[in-house]
Number of protein chains: 2
Amino acid sequence: MTELENYISGYFGIAQKDLANLASMFEEVSLTKGEYFVKKEQYSQTIGFLRNGFIRYYASDQHGNKEVTQWIASGGNFIAEISSFTFKTASRFNIQALTDCQLYVISNERWNEIVNVIPRWPELEKLFLTKCFVTMENRIFAHLSMTAEERYLELFETNPEILNQVPLQHLASMLGMSPETFSRVRKKLMEAK
Amino acid sequence: MTELENYISGYFGIAQKDLANLASMFEEVSLTKGEYFVKKEQYSQTIGFLRNGFIRYYASDQHGNKEVTQWIASGGNFIAEISSFTFKTASRFNIQALTDCQLYVISNERWNEIVNVIPRWPELEKLFLTKCFVTMENRIFAHLSMTAEERYLELFETNPEILNQVPLQHLASMLGMSPETFSRVRKKLMEAK
DNA sequence: TTATTTTCTTGACATATGTCAAGCGCTCAA
DNA sequence: TTGAGCGCTTGACATATGTCAAGAAAATAA
């Protein structure tokens with residue numbers, strides 16, 4: 001089983017024989033640090049599967065004063081500006097490689113042909129989208145109910161590796177706090193241990 | 001065209017002849033103010049379409065100190081604890097009528113039979129879920145990039161009617177601020193005009 | 001209607017978090 | 001190896017927002 005098949009199999013329960021077909025629909029792409037997967041306002045007609053590295057979603061706030069990091073994706077996850085991909089609208093975010101990255105990429109047209117390989121694909125896609133939606137609901141609840149320190153802790157417990165691998169200022173922004181607050185929370189929790 | 005057909009037709013582009021069939025799969029349900037559509041920890045196997053009234057999603061924060069309003073749905077929208085509905089997990093939220101409400105309700109089993117009435121239902125459902133996901137991404141971006149006052153203003157411009165129809169304390173919570181801050185922002189913007 | 005409860009507002013004050021500015025310490029390229 | 005940037009930390013201070021308590025207003029019940 002190739003790496004991509006392994007990953008996809010983790011997301012969806014798919015029969016071995018179909019996995020190879022599915023995997024063959026993707027194309028290997030590399031991004032070097034700083035390169036863009038999508039630029040804001042452009043149209044993005046692809047979905048990427050991030051094999052390794054980190055990719056940041058960001059945009060300016062409404063006044064153009066500061067860059068806000070919407071999300072940082074780690075290896076093993078899908079990457080897409082889903083609004084642009086699905087509704088052919090302008091991208092809301094820049095999606096940029098924070099490190100050198102390797103991806104598997106698939107075009108919109110190809111994505112829509114997956115159903116020919118895997119008949120129950122619509123169901124799997126639905127479950128995938130639902131899972132994404134539920135994750136976002138939980139993320140909103142976290143912002144409504146938790147302090148900056150609690151949000152930091154949650155990240156630390158959920159995804160500790162990321163803390164050594166991407167600029168902390170971007171993690172701070174993704175968690176909705178300033179880099180200074182992030183640094184202080186971090187210090188406090190270090191000393192407490 | 002009945003009310004439900006009219007609503008559904010707004011969400012999805014569906015042929016007239018299919019609409020009646022689809023609508024007939026729903027059941028009329030009323031809730032009086034204070035009644036629950038779902039209680040937290042229970043299993044919810046239905047989706048509701050809110051004809052009129054307001055329904056609040058809420059749960060306690062992690063310490064059990066305060067109730068947090070995740071969302072308030074207005075008439076003309078679907079209501080569901082989607083995680084419980086799709087993955088048969090315990091509900092994360094209470095979903096409670098803030099006013100007397102009329103709904104159309106459909107069970108999980110019935111929902112899965114819609115495809116027999118409308119063959120392209122999986123595609124419509126996917127578009128619907130994607131739209132929900134995009135909405136949540138935008139809501140998170142709002143929390144990362146906007147002040148309390150800006151979030152209030154956005155609600156005021158997007159959905160002004162809601163401000164006279166549900167307790168402001170719940171709107172405050174949904175926007176991630178205290179009732180006092182909500183009240184002060186409100187006063188400030190009233191005076192400014 | 002009147003009584004009772006709930007919700008909203010307001011002031012005084014507390015606290016979390018943001019801002020600014022300086023210094024330190026990496027990293028990376030020459 | 002050595003600058004030159006960039007990113008992180010820290011202190012001093014500013015500000016947004018939260019908390020508490022009281023009273024006013026509105027909704028609900030009797």
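So you know, we letter chains A, B, ... as the sequences are listed, proteins then strands, and number each from 1.
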Answer yes or no: is there a side-chain heavy-atom contact under 4.5 Å between [X] and [Y]?
X	Y	value
A:Phe93	A:Val38	no
A:Ile79	A:Tyr57	yes
B:Lys40	B:Arg92	no

Roughly, in whole Å, what's the span from [atom1] in [X] to [atom2] in [N]?
X	N	atom1	atom2	result
B:Met146	D:dA16	CE	C1'	16 Å
B:Asp61	D:dT19	CG	P	10 Å
A:Leu171	D:dC8	CG	C1'	13 Å
A:His143	C:dA16	NE2	P	19 Å
A:Lys66	C:dC20	NZ	C1'	15 Å
B:Gln165	C:dT7	CD	C1'	17 Å
A:His170	D:dG7	NE2	C1'	10 Å
A:Glu150	C:dA16	CD	P	12 Å

Taking atom types as they are modelled, would you say the side chain of B:Glu180 forms a donor-acceptor pair with the base of C:dC8 within the 3.5 Å cutoff? no
Between [options], which nucleotide has the shortest distance from any of its atoms to the side chain of [X]?
X	options	result
A:Ser178	C:dG18, D:dT9, C:dC8	C:dG18
A:Arg186	C:dT9, D:dT9, C:dG18	D:dT9
B:Arg184	C:dT17, C:dG11, C:dT9	C:dG11
A:Lys187	C:dT17, D:dG11, C:dT9	D:dG11

Does B:Lys131 count as lying over the ring of B:Phe128, i.e. NZ or CZ under 6.0 Å from the six-ring centre, within 45 degrees of the axis? no
Exercise: do B:Lys39 and B:Gln96 side chains pair donor with acceptor under 3.5 Å: no
Establish, with yes or no, whether the OP1 or OP2 oxygen of D:dT17 is under 4.0 angstrom from a side-chain nitrogen or oxygen of B:Thr181. no
If you assign each of A:Pro179 and B:Thr147 to its closest nucleotide in DNA chain D, which residue comes earlier from the 5' end? A:Pro179
Need one value for B:Lys33: base, sugar-phosphate or nothing, where a base atom within 4.0 Å counts as base even if backbone is also close, heavy atoms only. sugar-phosphate
